[in-house]
Amino acid sequence: MFKRFLKKTRLYNRIKMKVLLGGKTVFENRSKNSDTAILILAGYKGFLWDIVFERIKAFAPKDADVCLISSGLYSEELSRIAKEFNWSYLSTKKNNVCIAMNIGISRFPGASWIYKIDEDIFVTKNFFKNTMDTYLNCKKEDSFYRDPIFVAPLIPINAFGYAHLLRRLGLEDAYRAKFGAPHIGGATPVESDIEFAKFIWGGGYSVPSIDELDARCGAVKSEPLACPIHFSIGAILMERQMWERIGFFTGWKRNGMGADEMQLNKYAVIYSTPMLIAADTCVGHLSFGPQNAAMKEFFEKNKKLFEIREFN
């Protein structure tokens with residue numbers, strides 16, 4: 001009986017490995033065999049690429065491996081950009097972001113540290129260093145937080161980060177006048193209201209640019225924050241061993257969109273691995289689904305709000 005069970009378990013694991021790490025791919029490999037891999041899910045928001053990728057090129061650690069990953073398509077433009085920047089490019093035939101991420105991580109076997117970034121995230125000067133420093137501090141003997149599942153930055157268009165940033169900026173009253181009292185938990189306009197997205201990106205209001213926000217965050221020594229609600233994983237740093245520990249990303253259905261996020265959020269709570277936010281850095285997120293169409297138009301008309309601005 002036990003042997004039969006064991007054989008079934010082994011068979012299941014073999015099938016799981018084949019599905020989650022298999023499938024037809026095109027991999028244009030320019031790896032430096034770094035211990036840090038920056039994996040960027042891209043392919044569907046080409047209007048952002050010039051600014052998004054220029055930011056990553058400007059701020060990413062010079063010795064890190066960078067790889068553009070497109071799920072379910074091959075993009076000549078992404079291939080060209082990767083070649084120009086000396087990055088790798090991975091294309092998967094199957095359109096499933098969990099499988100694409102699994103394959104991406106597996107293509108960089110020497111990387112102990114994995115940054116996962118979405119194509120609508122605008123990284124900043126402090127992002128890479130300060131998230132890494134926060135993670136490394138968690139490994140110290142006297143650290144208050146231990147064994148995080150990931151470390152993320154503060155993000156203005158995020159149901160957790162927006163409230164902390166409003167408080168830091170003294171914009172709670174301005175927000176309250178338009179949207180009600182800011183709060184964490186429960187329903188907020190953060191993921192649905194177009195006017196909120198414009199508000200937080202500085203569209204006619206007194207919200208600083210994302211680079212100034214990052215500089216302000218970095219100028220203050222801050223303890224990390226533990227996120228107690230569902231966290232959107234547009235930009236995270238995690239250890240390879242954590243990816244292995246959770247059993248890889250297991251989104252079986254359709255395109256797997258959001259399944260990796262759900263898995264990380266659930267695992268964090270069940271296995272006491274905190275979702276940590278580095279409060280000394282901030283990155284930009286264009287918008288969530290219900291805001292996307294309007295924010296694309298807003299972006300096209302206000303590109304200077306998204307371009308790199310230098311702040312000390």
Side-chain angles (χ1 to χ4, degrees), residues 38-60 66 68-71 73 75 77-78 81 97 101 115-128 131 152-166 169 171 175 178-179 188-214 217 230-236 255 257-258 260-261 277 281-309:
I38 300 168
L39 307 183
I40 306 150
L41 282 171
Y44 297 90
K45 294 182 179 178
F47 64 97
L48 297 175
W49 293 347
D50 283 352
I51 295 177
V52 165
F53 296 158
E54 193 59 43
R55 282 180 168 274
I56 292 170
K57 180 185 175 186
F59 300 129
V66 181
L68 302 178
I69 302 176
S70 54
S71 175
L73 61 85
S75 167
E77 180 63 8
L78 288 176
I81 293 168
V97 294
M101 275 299 298
Y115 284 95
K116 178 262 186 186
I117 302 173
D118 288 344
E119 65 184 323
D120 60 354
I121 294 290
F122 298 80
V123 301
T124 50
K125 185 175 182 179
N126 291 317
F127 166 63
F128 292 102
T131 50
L154 284 167
I155 307 176
I157 300 186
N158 174 279
F160 177 78
Y162 90 101
H164 288 280
L165 287 165
L166 289 175
L169 294 168
L171 290 174
Y175 175 91
K178 292 182 67 65
F179 307 107
T188 71
V190 174
E191 298 182 6
S192 58
D193 195 310
I194 294 164
E195 291 307 311
F196 169 78
K198 293 177 181 178
F199 169 87
I200 210 70
W201 270 109
Y205 303 99
S206 54
V207 179
S209 74
I210 194 65
D211 295 298
E212 185 175 351
L213 275 175
D214 179 61
C217 289
H230 186 110
F231 189 83
S232 300
I233 60 167
I236 61 170
N255 62 11
M257 191 71 70
D260 52 347
E261 180 173 294
I277 313 305
T281 183
C282 175
V283 304
H285 173 213
L286 181 69
S287 54
F288 285 101
Q291 303 157 329
N292 280 346
M295 284 306 293
K296 178 181 179 182
E297 182 179 348
F298 179 84
F299 172 83
E300 297 288 4
K301 292 179 179 178
N302 299 277
K303 285 191 176 182
K304 288 194 177 297
L305 292 176
F306 300 84
E307 292 172 351
I308 295 173
R309 301 186 189 184

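Please read all numbers here as calculations on a predicted model, not as lab measurements.
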*With sequence neighbours excluded, tell me which residues meet side-chain contact (heavy atoms from CB on, under 4.5 Å) with Lys303.*
Ile51, Phe299, Glu300, Glu307

*Spacing of CG belonging to Asp214 relative to OG belonging to Ser209, to within rounding of 0.5 Å*: 9.5 Å

*State, with a plain yes or no, whether a side-chain heavy atom of Cys217 is found less than 4.5 Å away from one of Leu165.*
yes

*With a 4.5 Å limit on heavy-atom distance, are the side chains of Ile157 and Leu286 in contact?*
no

_Keeping Thr124 on the side-chain end and Cys282 on the backbone end, is there a donor-acceptor pair under 3.5 Å?_
yes

*Among all residues two or more places apart in sequence or in another chain, which pass the side-chain contact (heavy atoms from CB on, under 4.5 Å) test with Leu305?*
Phe298, Asn302, Arg309

*So is Lys178 actually on top of Phe196's ring, under 6.0 Å and inside 45° of the axis?*
no

_I'd like to know if Arg55 and Asp211 make a salt bridge, using a cut-off of under 4.0 Å between side-chain N and carboxylate O._
yes

*asked:* Ring-plane angle category for Phe122 and Phe306, please: parallel below 30°, perpendicular beyond 60°, tilted otherwise.
replied: tilted

*Is a side-chain donor or acceptor of Asn158 paired with a backbone partner of Gly161 at a separation under 3.5 angstrom?*
yes

*Can you find a side-chain donor-acceptor pair between Asp120 and His285 that sits under 3.5 Å?*
yes

_Checking Glu119 now: which residues fulfil side-chain contact (heavy atoms from CB on, under 4.5 Å) with it, not counting sequence neighbours?_
Ala42, Tyr44, Lys45, Trp49

*Can you name the nearest heavy-atom pair linking Ile308 to Ala58, along with the distance?*
CD1-CB, 3.9 Å

*Would you sort out whether Phe160 and His230 count as a side-chain contact (heavy atoms from CB on, under 4.5 Å), showing the intermediate values?*
CA-CA 8 Å; Phe160 177 78; His230 186 110; over 6 Å; no

*Give the C-alpha distance, both sets of side-chain angles, the deciding distance and a yes or no for side chain to side chain donor-acceptor pair (under 3.5 Å) between Asn126 and Thr281.*
CA-CA 6 Å; Asn126 291 317; Thr281 183; 5.2 Å; no

_Can you confirm whether Val123 sits close enough to Ile117 that some side-chain heavy atom of one is under 4.5 Å from a side-chain heavy atom of the other?_
yes

_Trace of the side-chain contact (heavy atoms from CB on, under 4.5 Å) decision for Leu68 with Phe53_ = CA-CA 10 Å; Leu68 302 178; Phe53 296 158; 3.8 Å; yes

*With sequence neighbours left out, write down each residue that passes side-chain contact (heavy atoms from CB on, under 4.5 Å) with Ser287, or none if nothing qualifies.*
Gln291, Asn292, Met295

*Within-4.5 Å side-chain heavy-atom neighbours: Ser232 and Glu191*: yes

_Show the nearest heavy-atom pair for residues Gly43 and Leu73, with the distance to one decimal._
O-CD2, 3.7 Å

_Member of Val283, Leu169, Val207, Ile200 meeting the side chain to side chain contact (heavy atoms under 4.5 Å, CB included) criterion with Pro156_ = Ile200

*Evaluate the criterion side-chain contact (heavy atoms from CB on, under 4.5 Å) for residue pair Trp201 and Ile210; output intermediate values, then yes/no.*
CA-CA 8 Å; Trp201 270 109; Ile210 194 65; 4.2 Å; yes

_Residues which pass ring pair (Phe, Tyr, Trp, His ring centres under 6.0 Å) with Phe231, listed by chain and number, not counting sequence neighbours_ = Phe150

*Look at the side chain of Tyr115 and the backbone N and O of Ile236, then say whether any donor-acceptor pair between them is shorter than 3.5 Å.*
no

*asked:* Between Phe127 and Phe59, is the ring centroid distance below 6.0 Å?
replied: no

*Contact check, side chains of Asp193 and Phe199, non-hydrogen atoms, under 4.5 Å*: no

*Thr188 side chain vs Val190 backbone, donor-acceptor pair below 3.5 Å*: yes

_Partners passing side-chain hydrogen bond (donor to acceptor under 3.5 Å, both in side chains) against Tyr162 (at least two apart in sequence or in another chain)_ = none

*Stepwise, does the side-chain contact (heavy atoms from CB on, under 4.5 Å) test hold for Asp260 with Ile233?*
CA-CA 9 Å; Asp260 52 347; Ile233 60 167; 3.8 Å; yes

